[in-house]
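Everything on this sheet refers to the single structure shown next.
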Amino acid sequence: MSAGISLAQRVAQIAPSPTLSINAKAKSLKAQGVDVLNFSVGEPDFPTPPHICQAGKQAIDQGHTRYTASNGIVELRQAVCERYRKRQGFSYDPEQIQITSGGKQGLYNIFQAVINPGDEVLIPAPYWVSYPSMTQLASGVPVTVPLKEEKHFDIDAADLARYATDRTRMLVLNSPSNPTGAIFSAQALQEVARLALERGWLIISDDIYEELVYADEPAAHILAVAPELKEQVILANGVSKTYSMTGWRIGWCAGPLHLIKAMNKIQSQSISNPVAISQYAALTALTGPQDAPREMLAAFLPRRDFFVSALNRLPGVHCENPEGAFYVFPNFSAYYGKSFKGQKIDGSLTLADYFLDEARVASVPGVAFGADDFVRFSFATSLDTIKEGMKRIEVALAALQ
Ligand SMILES: *Cc1c(COP(=O)(O)O)cnc(C)c1O
């Protein structure tokens, strides 16, 4: 090692977010003039709706440019409560809401507030990339529990019970899921709720894609199937995906008062408060016209349908139909062991590299989500891009021997 400042051990345990770094690589190739089709992006391809941008500009003009309460402005916390009451019938007091710098920072606060060294966190895999790292940054131990493709990536209480120990403190649920797009069934959630009640686990429900559901009914939710679990559930959500506001960095958590208060302490000693201007824009997002998610879904649907059927037509490839979010997660393991010009494809990492180098298609290797048989493609991009991308993928796969 060089003679620099030595780093904390916790840094060595984690890697930078792979989705952000692949996106950066694709963007830099594009900047060099390489014709890359970018399917690695984890954000909607629509601008923030104009009335929300207007609210941000107005917030500046009205002088909302100073510190706010650490847990967020009360109007926004009230709007979050009102949203839960109206949409799901969940009842929260504004004191039970923490406004955060994106859903991600809210999740980070939860881990910091709950996990002691050695505490285990059950993380169903495929998982969102940050859950294991957030666990480790809190000195906890991530325990991944594989979900089965043949069961449409539904959660399974019996599997959770097999991986649980007396050090298990927490379970992370994400439905609709990034990366699979799967929605957990009400029945499976009911069984999970029963287990969590019995064991006293805290459940994080990461609901960031709850508005992006293709069926007519909303996704089943752990608190809707088991209201008696309320003291053991913390909800994480935000405006990033629903309103195409990823750069504004506003999210929230809702949960038991003592837990939110602990998270408020952490927040007040770290970020102080989420950006004031963005909080006012988010207030307009929640209380203004609700066309944005509907319009996005209408655009995403034909893309999803094309992508899924084109992938399933490829020999040896299987792709589940995502029920929510904007990702497809096809299984390419039939190609592992094959080679191109003597270079062997031995897993999702080499396959995603091969797609980028030979097909100029940027994707995220499944290994980043704890599922090496798969590769994630985002369909938050135009139908034309998807059609061209599928042609390139087909050619690249056919060239493998
Ligand atoms: C995008 C995302 C988040 C949080 O995004 P923010 O931009 O920080 O609000 C949280 N969970 C999952 C699964 C996501 O995909």
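Atoms within each ligand, like the ligands themselves, are counted from 1 in listed order. Given the structure is predicted, the values throughout are model-derived calculations rather than measurements.
Aromatic rings from Tyr209 and Phe326 are positioned such that their centres are separated by under 6.0 Å.
At a cut-off of 3.5 Å, with distance as the only test, no side-chain donor of Ser133 or Ser130 sits close to an acceptor on the other residue. Between Glu43 and Thr246, the side chains place a donor N or O and an acceptor N or O closer than 3.5 Å (distance only, hydrogens not considered). Side-chain contact check for Thr168 and Trp201: no donor-acceptor pair (N or O, by modelled atom type) lies under 3.5 Å.
Geometrically, ligand 1 and Ser240 share a nitrogen or oxygen pair separated by less than 3.5 Å. When only interatomic distances are considered, the shortest N/O to N/O separation between Gln105 and ligand 1 does not fall below 3.5 Å. Residue Tyr327 places no N or O, backbone or side chain, under 3.5 Å from any N or O of ligand 1. Taking any N or O of Gly103, backbone or side chain, at least one lies under 3.5 Å from an N or O belonging to ligand 1. For ligand 1, none of its N or O atoms has an N or O atom of Asn174 under 3.5 Å away. Ligand 1 has no N or O atom lying under 3.5 Å from any N or O atom of Thr246, backbone or side chain.
Those atoms of ligand 1 that come under 4.0 Å of a heavy atom in Lys241, given as number and element, are 1 (C), 2 (C), 3 (C), 5 (O), 14 (C), 15 (O). The ligand atoms of ligand 1 that sit less than 4.0 angstrom from a heavy atom of Asn178 are 13 (C), 15 (O). Within the listing of ligand 1, atoms 2 (C), 4 (C), 9 (O), 10 (C), 11 (N), 12 (C), 13 (C), 14 (C) sit less than 4.0 angstrom from a heavy atom of Ile208.
For atom 15 (O) of ligand 1, the closest non-hydrogen atom on the protein side is Tyr209 OH, 2.7 Å. In terms of protein heavy-atom proximity, atom 11 (N) of ligand 1 is closest to Asp206 OD2, 2.6 Å. Protein heavy atom closest to atom 4 (C) of ligand 1, with residue, atom name and distance, is Lys104 N, 3.8 Å.
Here Ile250 has no heavy atoms under 4.0 Å from ligand 1, in either its backbone or its side chain.
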*Taking it one step at a time, do Glu211 and Arg294 satisfy salt bridge (charged side-chain N to carboxylate O under 4.0 Å, His left out)?*
CA-CA 8 Å; Glu211 297 286 321; Arg294 249 198 320 276; over 6 Å; no
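In this structure, Arg249 counts as a contact residue of ligand 1, since one of its heavy atoms falls inside 4.0 Å of the ligand. Using a 4.0 angstrom heavy-atom cutoff, Gly102 counts as in contact with ligand 1.
Screening Val143, Val172, Thr144 against Val121 for a side-chain contact (heavy atoms from CB on, under 4.5 Å) leaves a single residue, Val172. Each of Phe306, Phe307, Tyr327 was scored for a ring-ring contact (aromatic ring centres under 6.0 Å, His included) with Phe377, with one residue passing: Phe307.
More than 12 heavy-atom neighbours from other residues, nucleotides or ligands sit within 6.0 angstrom of CD on Glu82.
Cation-pi geometry between Lys230 and Tyr92 is met: under 6.0 angstrom from the ring centre, within 45 degrees of the axis.
Between Phe369 and Phe329, the ring-plane angle classifies as perpendicular under the 30° and 60° cut-offs.
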